[in-house]
Novice: 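There's a structure below that I have some questions on.
Here is how names work: the chains are called A, B, and so on, in the same order as the sequence lines, proteins then strands, and each is numbered from 1. Keep in mind the model is a prediction, meaning the values are calculated, not measured.
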Amino acid sequence: MTNAEIAAVFEQIADLLEFQGANPFRVRAYRTAARTISELTEPVAELAHAGPDALTELPGIGADLADKITTLVNTGSLPLLEELKAQVPESVLTLMRVPGLGPKRVAAIYNKLKIKTLEELREACLQHKIRDLEGFGAKTEENILKGIEAALLATQRILWCDADQIVQEILAHLEGTKGLRRLAPAGSYRRGKDTVGDLDFLAVADDPNPVMDRLAKYRAVKDVIARGDTKMSVVLQSGLHVDLRVVPEESFGAALQYFTGSKEHNVILRGMAKDLGLKINEYGVFRGDKRIAGREEEEVYGALGLPWFPPELREGRKEFEWAAAGSLPELITLEDIRGDLHMHSTWSDGLATIEEMAEAARKKGYQYIAITDHSQRVSVANGLNPERLLSQWNALDQLAGKWRNFRILKGVEVDILEDGRLDLPDEVLNQADWVVASVHFGQNQSREEITRRIIGALKHPAVCAIAHPTGRLLLERPAYQVDLDAVLRAARDYGKMMELNAHPRRLDLDDVACAAAKAYGVPIAISTDAHSINGLEAMRYGVLQARRGGLTKADVVNTLPWGELKRRLPRYRR
DNA sequence: AGAAACCATTCTGACGGGTGTCCACCCGT
């Protein structure tokens, strides 16, 4: 059983317990455990086999949860979950997806009216049965009816790159509003999370009303959900929520800090403030009634003796430990990148010629690129057999003298076949400058098989890195089953590298895996996997993800000149 | 449910806005 599956069980238990009105701290214990487990790199199942002590050493896991994990790992199920499911029809939990309905109200609706589905809830609203319940009224009933539509729309998350487009559009739309003094996007968008659930904007204005009026007029706004003196929520036609908060100038930093989050980061920060006899809210840092900071984020953190945290690190993971130790990483930037080590050309399924890709890369200031077209097995992508690949490399030799200070590496993205063999013969692979290996076929194999295939590829002397190591497609397809921890250890042992695929739908390794790779000392190559000139622009998404993983320039190999990069690979060492 | 220290008990993640109904609930970071 994978960490993600165990975490999902605990999340479900938390939902069911919450619905039953259980002790909120008990509910939180399950949620905390779920988060801990899902962010762990090593498989919890292995810890479970090592014995209960290995599990209870994890923060937030005590004797009881350790026992439940062990049961889950050994039997694949959990009696508590089965009991809860028997007591609460699972469909009731979908009622909590209706905005405005939490555990208390859903419990009331279910207990009094025996309503179990969204359809039954809609009926009850239309027959005005909801408004007669204690604590409910006509207005609530109306809002529930509206909310059901929203729940059915299934408020999806969107890719960071898509969020970026909308954010830029809204910023441009609000820019120039009368009395608007400052404006900034916040939330998970600002933290650079690979997918974004809603958009948050923060403004300073002489009067909030013109700004709110203007947001309401944004072309894609469908509905204004709430509007008060300082806070406004709208929903776009796509179902995406946009929140706007307007604060006084002297609170801008505190509000930006609060609104950027994450929630977990804020909770820790505010707890630290409390210990110092201070209070932090979105209006500032307060000692008693006296505001001692708030205009800029630096002041807010500074009031607690903390450095300013890059938003990408504000996830409530290790950042406060790093700050205490004075070892907050200096994160990599787009300007540090000197080359791109994964891209395709018209030789396989790319849209641009090698020369076009090279010209575009040179314009970006790169010193080198690797052309890594697909190997023969990927026939739908016009993958290259040995003859065509060698002929491509001949063509590269012809181009070699064309540019000064720019180099095209002879590369290939070789498939790791279902049986673990590589899709090209050794004598061909050995002639390449740069080889990335990846899994495209047999993604449904067992965790053991896929892990063995990838580790086998890492062991091959010609292979430099594993490309898109989990195969996930964000919002589309989950990662294949793979023991990433074992893969990272193998990369360390064989002196190999791992790719962070910068394509905005992939972005694997993810942030947590990047941090794990760094901890093992495994170098990362951030590569775009571009299939067109425009695809090269994806580098910024990869860098953003790397920053979330706490990577510095030194952790990323394509910040190096090629000459230095290659010396990091065993095959080039003597 | 975990964790600390009180080994049975106590505390536990911070803080505030908006809404609808009458103080609670839900929501956001």
Novice: With rounding to the closest Å, how many angstrom separate the P atoms on dA1(B) and dA5(B)?
Specialist: 23 Å
Novice: For the P atoms, the ones on dG28(B) and on dG20(B), what distance do you get once it is rounded to whole angstrom?
Specialist: 16 Å
Novice: If a pair satisfies ring-ring contact (aromatic ring centres under 6.0 Å, His included) and one of its residues is in residues 52-85 of chain A, list it, with sequence neighbours excluded.
Specialist: none
Novice: Are Q257(A) and N266(A) close enough that a side-chain donor and a side-chain acceptor fall under 3.5 Å?
Specialist: yes
Novice: How many Å lie between CG on L269(A) and P on dG16(B), as a whole number?
Specialist: 14 Å
Novice: Working to the nearest 0.5 Å, report the span between CG of D511(A) and CG of L500(A).
Specialist: 9.5 Å
Novice: With rounding to the closest Å, how many angstrom separate the C1' atoms on dC11(B) and dG17(B)?
Specialist: 28 Å
Novice: Could you check V267(A) against Y30(A) and say which one's nearest nucleotide on DNA chain B is further toward the 5' end?
Specialist: Y30(A)
Novice: With sequence neighbours excluded, give me every salt bridge (Lys or Arg N to Asp or Glu O under 4.0 Å) pair touching residues 252-264 of chain A.
Specialist: none
Novice: Could you measure between the two P atoms, the one in dC23(B) and the one in dG16(B), and give it in whole Å?
Specialist: 22 Å
Novice: Let me confirm one number: the CD1-CZ distance from I292(A) to R287(A), rounded to the nearest 0.5 Å.
Specialist: 4.5 Å
Novice: dG16(B) P sits how many Å from M232(A) CE, rounded?
Specialist: 24 Å
Novice: Which residue, R26(A) or R31(A), contacts DNA chain B at a nucleotide closer to its 5' end, judged by nearest heavy atom?
Specialist: R26(A)
Novice: Rounding to the closest angstrom, what is the interatomic distance between dG18(B) and dT12(B) at atom P?
Specialist: 28 Å
Novice: Under 4.0 Å, counting only non-hydrogen atoms across every strand here, what does I280(A) touch: a base, just sugar-phosphate, or nothing?
Specialist: sugar-phosphate
Novice: Just N and O in the side chain of Y283(A): are any of them under 4.0 Å from OP1 or OP2 of dG17(B)?
Specialist: yes
Novice: What distance, rounded to whole Å, do you find between the two C1' atoms, one in dA14(B) and one in dA8(B)?
Specialist: 29 Å
Novice: Generate the contact string for nucleotides 5-10 of chain B. Rules: B means base contact, S means sugar-phosphate contact only, - means no protein heavy atom under 4.0 Å.
Specialist: ------
Novice: Determine which pairs satisfy salt bridge (Lys or Arg N to Asp or Glu O under 4.0 Å) with at least one residue from residues 47-63 of chain A, sequence neighbours left out, and list them in order.
Specialist: none
Novice: Say you draw a straight line from CD1 of I144(A) to CZ of F136(A); how long is it, rounded to the nearest 0.5 Å?
Specialist: 5.5 Å
Novice: Quick check on contacts: within residues 56-72 of chain A, what sits under 4.0 Å from DNA chain B by heavy-atom distance?
Specialist: G60(A), I61(A), G62(A), A63(A), D64(A), L65(A), K68(A)
Novice: Does a side chain donor of either Y218(A) or E169(A) reach within less than 3.5 Å of an acceptor in the other side chain?
Specialist: yes
Novice: Write down the atom of A517(A), the atom of L509(A), and the distance for their closest heavy-atom approach.
Specialist: CB-CD1, 4.4 Å
Novice: Once salt bridge (Lys or Arg N to Asp or Glu O under 4.0 Å) is applied, what residue pairs with a partner in residues 8-18 of chain A remain, sequence neighbours excluded?
Specialist: E11(A)-R31(A), D15(A)-R31(A), E18(A)-R31(A)
Novice: Ignoring backbone atoms, test whether T230(A) places a side-chain nitrogen or oxygen under 4.0 Å from the OP1 or OP2 oxygen of dG18(B).
Specialist: yes
Novice: Checking R489(A) now: which residues fulfil salt bridge (charged side-chain N to carboxylate O under 4.0 Å, His left out) with it, not counting sequence neighbours?
Specialist: D485(A)
Novice: Distance check needed: dT12(B) C1' versus E264(A) CD, whole Å only.
Specialist: 16 Å
Novice: Can you tell me which nucleotide in dA14(B), dT19(B), dA1(B) comes closest to the side chain of N143(A)?
Specialist: dT19(B)
Novice: Not counting sequence neighbours, list each pair that qualifies as a ring-ring contact (aromatic ring centres under 6.0 Å, His included) and has a residue in residues 86-121 of chain A.
Specialist: F19(A)-Y110(A)
Novice: Which residue pairs satisfy the side chain to side chain donor-acceptor pair (under 3.5 Å) criterion with at least one member in residues 305-316 of chain A, sequence neighbours excluded?
Specialist: R191(A)-E315(A), E297(A)-W308(A), E297(A)-R314(A), Y301(A)-R314(A), E312(A)-R547(A), E315(A)-R548(A)
Novice: Quote, to the nearest angstrom, the P distance that separates dC22(B) from dT29(B).
Specialist: 29 Å
Novice: Is it the case that T552(A) and D555(A) place a side-chain donor and acceptor less than 3.5 Å from each other?
Specialist: yes
Novice: Mark up nucleotides 21-29 of chain B, 5' to 3', with B wherever a protein heavy atom is under 4.0 angstrom from a base atom, S wherever such an atom reaches only the sugar-phosphate, and - elsewhere.
Specialist: S---SSSBB
Novice: When rounded to the nearest Å, what value does the distance between P atoms of dT10(B) and dC6(B) take?
Specialist: 12 Å
Novice: Could you check how far CD1 of I225(A) sits from P of dT19(B), rounded to whole Å?
Specialist: 11 Å
Novice: Mind running a 4.0 Å heavy-atom check of residues 288-311 of chain A against DNA chain B and sending the residues that fall below it, in number order?
Specialist: none
Novice: So does N23(A) get a side-chain nitrogen or oxygen closer than 4.0 Å to the phosphate oxygens (OP1/OP2) of dA1(B)?
Specialist: no
Novice: Do any pairs count as a ring-ring contact (aromatic ring centres under 6.0 Å, His included) and have a residue in residues 21-51 of chain A, sequence neighbours left out, and if so which ones?
Specialist: F10(A)-Y30(A)
Novice: Starting at CG of L78(A) and ending at P of dA1(B), how long is that distance when rounded to a whole Å?
Specialist: 10 Å
